[in-house]
*Asks:* 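Please see the structure below; I have some questions.
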Amino acid sequence: MYAFDLDIIWGQLDYFTVGALFSLGLTALSMLIGMGVGLVVSLGRLTKNIAIRALSSAYVDVTRGIPLLALLLWFYYGLSILVDYTFSPFSTGVFCLSLKYSGYLAETFRAGIQAIEKGQSEAAFSLGFSKLQNLRRIVIPQALRIVVPPVGNSFVSMLQDSSLVALVGVWELMKRGNSVANSSLRPFEIYTAVGVFYLIMTVSASRLNRYLEGRLSIEH
């Protein structure tokens with residue numbers, strides 16, 4: 001009968017903790033880039049310029065339509081051959097996670113901006129605000145409050161999806177788990193530990209998101 005061996009887990013806790021922190025850092029960096037790109041694309045989706053609006057819509061469709069795994073493999077193996085340049089696993093992971101989630105975040109930001117009453121913008125213009133000032137000082141600050149819950153959910157989803165970057169060689173939590181499982185021949189214990197690490201991170205991120213949502217509601 002198979003005996004669950006806790007010693008193999010205790011012996012790798014530090015190794016896995018470093019991998020978990022790496023996964024969190026990778027996700028946070030990708031999220032920041034994805035949010036920046038998503039905000040720009042969302043403004044493109046709302047502009048009156050037909051060409052920019054069409055390009056922004058196409059960007060959202062493409063980034064949301066391609067699975068993350070296919071995007072990672074295409075970028076790391078396919079594009080590297082095409083341009084005769086080897087991308088690092090880390091840059092590949094950050095680029096593909098940012099690209100994939102920027103499409104979802106663009107739609108989230110667009111919905112948040114559209115939720116702001118037009119009367120506020122009209123009042124701002126009557127006070128002499130330019131379009132840029134209205135966006136920066138009136139619309140975007142309020143929209144960011146509205147989109148905190150869905151953006152937090154996207155962070156949790158991205159954190160889970162970050163395990164896929166192990167396939168291109170990024171030494172985050174899952175990659176470290178694969179390495180230890182192969183060398184120790186104790187995959188059940190190792191992948192149980194990896195799953196617990198992901199569970200702790202995602203539950204913590206969800207609780208933090210709820211806390212921020214509650215604080216912003218109170219302040220509002």
Side-chain angles (χ1 to χ4, degrees), residues 26-72 74-75 78-79 82-83 87 91-162 205-206 208-210 212-220:
L26 176 76
T27 303
L29 177 60
S30 303
M31 194 69 188
L32 283 175
I33 297 173
M35 287 175 65
V37 175
L39 181 57
V40 172
V41 174
S42 70
L43 294 176
R45 291 266 283 153
L46 294 170
T47 185
K48 294 180 180 178
N49 187 299
I50 296 176
I52 294 176
R53 197 166 66 238
L55 283 174
S56 300
S57 298
Y59 179 89
V60 171
D61 290 339
V62 170
T63 54
R64 297 199 329 176
I66 301 176
L68 178 60
L69 179 58
L71 191 62
L72 283 165
W74 175 83
F75 186 87
L79 188 60
L82 183 65
V83 300
F87 298 98
S91 62
T92 299
V94 171
F95 177 82
C96 292
L97 283 171
S98 304
L99 185 67
K100 177 65 182 176
Y101 275 84
S102 61
Y104 293 108
L105 291 166
E107 290 300 271
T108 299
F109 288 137
R110 182 172 69 89
I113 291 172
Q114 287 181 321
I116 306 301
E117 294 180 6
K118 292 183 179 179
Q120 296 192 33
S121 294
E122 293 170 356
F125 294 141
S126 68
L127 292 173
F129 281 41
S130 66
K131 286 186 177 180
L132 183 60
Q133 287 175 322
N134 177 48
L135 275 176
R136 185 169 58 85
R137 300 177 63 176
I138 305 294
V139 176
I140 291 179
Q142 295 187 76
L144 288 178
R145 282 188 171 188
I146 295 172
V147 302
V148 163
V151 168
N153 291 334
S154 292
F155 180 85
V156 172
S157 297
M158 183 188 283
L159 180 58
Q160 294 170 340
D161 284 348
S162 70
S206 296
L208 177 61
N209 189 40
R210 288 179 196 168
L212 291 174
E213 183 182 350
R215 287 298 301 265
L216 290 173
S217 297
I218 292 173
E219 292 174 4
H220 186 69

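We count residues from 1, following the sequence as given. Side chains are part of it too, since the values below use all heavy atoms of this structure and drop only hydrogens, waters and symmetry mates.
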*Asks:* How close do L99 and S102 get, counting heavy atoms only, and between which atoms?
*Replies:*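 So the minimum-distance heavy-atom pair works out to O-OG, 2.8 Å.
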*Asks:* Please check if the number of heavy atoms outside I50 that lie under 6.0 Å from its CD1 is greater than 12.
*Replies:*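 Open: at most 12 neighbouring heavy atoms sit under 6.0 Å from CD1 of I50.
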*Asks:* To the nearest 0.5 angstrom, please state how far the CD atom of Q114 sits from the CD1 atom of I146.
*Replies:*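 Nearest 0.5 Å value for the CD-CD1 distance: 11.0 Å.
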*Asks:* Which pair of heavy atoms, one from Y101 and one from S154, lies closest together, and at what distance?
*Replies:*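 Looking at all heavy atoms of both residues, the shortest contact is CE2-O, 3.7 Å.
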*Asks:* Listing request: all side chain to side chain donor-acceptor pair (under 3.5 Å) pairs with a residue in residues 26-36, at least two apart in sequence or in separate chains.
*Replies:*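 Those involving residues 26-36 do not exist here.
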*Asks:* If you round to the nearest 0.5 Å, how far is SG of C96 from CG of D161?
*Replies:*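 The distance works out to 12.0 Å.
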*Asks:* Name all residues meeting the side-chain contact (heavy atoms from CB on, under 4.5 Å) criterion together with L55; count only those two or more places apart in sequence or in a different chain, and write none if there are none.
*Replies:*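 Result, side-chain contact (heavy atoms from CB on, under 4.5 Å) vs L55: none returned.
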*Asks:* Ignoring hydrogens and geometry, is there a side-chain-to-backbone donor-acceptor pair from E107 to G103 under 3.5 Å?
*Replies:*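 Looks like no, no N/O pair under 3.5 Å.
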*Asks:* Mind checking side-chain contact (heavy atoms from CB on, under 4.5 Å) for N209 and listing every partner two or more places apart, or none if nothing turns up?
*Replies:*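 Result, side-chain contact (heavy atoms from CB on, under 4.5 Å) vs N209: V148, N153.
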*Asks:* Counting only N and O atoms by type, is there a donor-acceptor contact under 3.5 Å from the side chain of Q133 to the main-chain atoms of S130?
*Replies:*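 Checking the backbone N and O of S130 against the side chain of Q133, a donor-acceptor pair under 3.5 Å is found.
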*Asks:* Atom CG in L26, atom CG in L159: separation rounded to 0.5 Å?
*Replies:*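 Going from the CG atom of L26 to the CG atom of L159 covers 9.5 Å.
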*Asks:* Quick check: do F109 and V151 have side-chain heavy atoms less than 4.5 Å from each other?
*Replies:*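 Side chain of F109 against side chain of V151, heavy atoms only: contact under 4.5 Å found.
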*Asks:* Return the set of residues passing side-chain contact (heavy atoms from CB on, under 4.5 Å) with R137 (not counting sequence neighbours), or none when no residue passes.
*Replies:*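 R137 satisfies side-chain contact (heavy atoms from CB on, under 4.5 Å) with F129 once adjacent residues are dropped.
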*Asks:* Identify whether the distance between the nearest side-chain nitrogen and carboxylate oxygen of E213 and R210 falls below 4.0 Å.
*Replies:*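 Salt bridge absent between E213 and R210.
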*Asks:* Anything under 3.5 Å between a donor and an acceptor, one on a side chain of residues 61-72, the other on a protein residue two or more places apart or in another chain? List them.
*Replies:*
{"from": "T63", "atom 1": "OG1", "to": "Y59", "atom 2": "O", "distance (Å)": "2.8"}
{"from": "T63", "atom 1": "OG1", "to": "V60", "atom 2": "O", "distance (Å)": "3.2"}

*Asks:* Would you give the length of the straight line joining atom OG of S98 to atom CE of M35, rounded to the nearest 0.5 angstrom?
*Replies:*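 Between S98 OG and M35 CE, I get 12.0 Å after rounding to 0.5 Å.
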*Asks:* Looking at L105, V147, L46, which one forms a side chain to side chain contact (heavy atoms under 4.5 Å, CB included) with R110?
*Replies:*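 Considering L105, V147, L46, a side chain to side chain contact (heavy atoms under 4.5 Å, CB included) with R110 is found only for L46.
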*Asks:* How would you list, by chain and number, every residue that makes a side chain to side chain donor-acceptor pair (under 3.5 Å) with S57, sequence neighbours excluded?
*Replies:*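 For S57 the side chain to side chain donor-acceptor pair (under 3.5 Å) partners, ignoring immediate neighbours, are R45.
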*Asks:* Using the side-chain contact (heavy atoms from CB on, under 4.5 Å) criterion, which residues pair with L32? Sequence neighbours excluded.
*Replies:*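 Expected list: none.
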*Asks:* What pair of heavy atoms forms the shortest contact from T47 to R53, and how long is it?
*Replies:*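 Residues T47 and R53, closest heavy atoms: O-NH1, 3.0 Å.
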*Asks:* Which atom pair, heavy atoms only, marks the closest approach of P150 to T108?
*Replies:*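 Minimum heavy-atom contact is CG-CG2, 3.6 Å.
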*Asks:* What residues, two or more places apart in sequence or in another chain, satisfy side chain to side chain donor-acceptor pair (under 3.5 Å) together with S121?
*Replies:*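 Here the qualifying residues are N134.
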*Asks:* Rounded to the nearest 0.5 Å, how far apart are CG of L43 and CD1 of I113?
*Replies:*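 Answer for the CG-CD1 pair, L43 versus I113, is 5.0 Å.
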*Asks:* Looking at residues at least two apart in the chain, or sitting in another chain, which of them share a side chain to side chain donor-acceptor pair (under 3.5 Å) with S91?
*Replies:*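 If we apply the side chain to side chain donor-acceptor pair (under 3.5 Å) test to S91, skipping adjacent residues, the hits are S88.
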